[in-house]
Amino acid sequence: MQEGQGSRTADRVAERRAAHQVRDRPLVLDDPIALRIIRPEVAHELRTNPPAHEATKLGPYLRAFFVMRSRFAEDALAAAVAEGVRQYVVLGAGFDTFAYRNPFPELRVFEVDHPDTQAIKRQRLAHGGIEIPPSLTFVPVDFTTMKLDDALRGAGFDETKPAFFSWLGVVPYLERPAIDATLHFIASLPEKSAVAFDYAVPPESLGWTARLIFWQMAKRVAALGEPWKTFLDPQTLTHDLRQIGFSSVEDFGADALNARYFAARTDKLRIGGAGRMAMAKV
């Protein structure tokens, strides 16, 4: 992202989640706030002429993946809350809306993101009439000058208690040392702490069609000034997560995720094979 501006990819993700609310039935992610936190002109376009916002065949795959990963994280969070976890950290929160429709009164939410993106989000929240709940704490972090643990500690995060982390749409944009540093921090937290995140596999591991979709997506994000930097092999990642200190590791590819979230649909909405979800627990 460019200094002084919010993340362009975060905007695109939010717009795809909003498009899902008006274009797809049944909903994978029911988000009544989604249309209120995106750019007003895009919200108007989605309400009046939804197909005009999606000009390529790649669109449905992106829309499916973005709503799936949010639903995946929120399902895992609900399970963590049922086990007694009361801290939720949204890493690279972008325009995520969970904190404003949080069904768990006892859950404290920390939204971690770059100060520029957070400033734009707060403007949109005010413009959309979306109240900031007392359970939410914004944690502005420029990772070039600040460490995650220091930023969270300063925001009131309690390292002596377990926490659930969602880390969506971030890992591919980071260098491997930054990824490992975040995972080591989460693994150092108390038992029941966990993280759910998505990642991209090496393009050479994909079939021809999936590879074509992959490079189209990579070209789009690079054009926005936010190129992908890191691709992870599922087996190697599982091994690395255990070495870091996680006691339970699960990995989910397209077949499993489509079966869980897109089965029996008549609109053919589904995800492709380039992105996967991982879940690691202390």
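Nothing fancy with the numbering, it's 1 onward along the sequence.
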[X] [atom1] to [Y] [atom2] distance, which is reported to the nearest 0.5 Å:
{"X": "R63", "Y": "I271", "atom1": "CZ", "atom2": "CD1", "value": "14.0 Å"}
{"X": "L148", "Y": "R153", "atom1": "CG", "atom2": "CZ", "value": "9.5 Å"}
{"X": "L46", "Y": "E41", "atom1": "CG", "atom2": "CD", "value": "10.5 Å"}

Sidechain-backbone polar pair: [X] side chain, [Y] backbone, donor-acceptor under 3.5 Å:
{"X": "K121", "Y": "G94", "value": "yes"}
{"X": "S193", "Y": "V282", "value": "no"}
{"X": "T137", "Y": "F110", "value": "no"}
{"X": "D251", "Y": "P234", "value": "no"}
{"X": "Q21", "Y": "I33", "value": "no"}
{"X": "E83", "Y": "A79", "value": "no"}
{"X": "T117", "Y": "D113", "value": "no"}
{"X": "D198", "Y": "M277", "value": "no"}

- Task: Using the side-chain hydrogen bond (donor to acceptor under 3.5 Å, both in side chains) rule, collect all pairs that involve residues 93-104, keeping only residues at least two apart or in two chains.
- Result: D31-T97, D31-R101, E74-R101, T97-R101, Y100-E111
Of all residues at least two apart in sequence or in a different chain, which pass the ring-ring contact (aromatic ring centres under 6.0 Å, His included) check with [X]?
{"X": "F231", "result": "F214"}
{"X": "F72", "result": "F252"}
{"X": "F65", "result": "none"}
{"X": "F185", "result": "none"}

- Query: With no hydrogens and no angle check, do the side chains of T230 and Y173 hold a donor and an acceptor under 3.5 Å apart?
  - Reply: no
Using the salt bridge (Lys or Arg N to Asp or Glu O under 4.0 Å) criterion, which residues pair with [X]? Sequence neighbours excluded.
{"X": "R12", "result": "none"}
{"X": "R124", "result": "D11"}
{"X": "R36", "result": "none"}

According to side-chain contact (heavy atoms from CB on, under 4.5 Å), who are the partners of [X], at least two apart in sequence or on a separate chain?
{"X": "A259", "answer": "none"}
{"X": "V81", "answer": "L77, R86, F104, E106, L107"}
{"X": "V28", "answer": "H20, V67, R71, Y261, F262, R265"}

[X] atom [atom1], neighbour heavy-atom count above 12 within 6.0 Å:
{"X": "D255", "atom1": "CG", "answer": "no"}
{"X": "H184", "atom1": "NE2", "answer": "yes"}
{"X": "Y199", "atom1": "OH", "answer": "yes"}
{"X": "Q235", "atom1": "CD", "answer": "no"}
{"X": "R23", "atom1": "CZ", "answer": "yes"}

Which heavy-atom pair separates [X] from [Y] by the least distance, and what is that distance?
{"X": "F95", "Y": "A14", "result": "CB-CB, 3.7 Å"}
{"X": "A254", "Y": "G272", "result": "CB-O, 3.3 Å"}
{"X": "A80", "Y": "F164", "result": "CB-CD1, 4.0 Å"}

- Message: Looking at R39 and E45, is there a salt bridge between them, counting it only when a charged N and a carboxylate O are closer than 4.0 Å?
- Response: no
- Query: Which residue pairs pass the salt bridge (Lys or Arg N to Asp or Glu O under 4.0 Å) test when at least one of the two sits in residues 175-192, sequence neighbours left out?
  - Reply: R176-D180, R176-D240
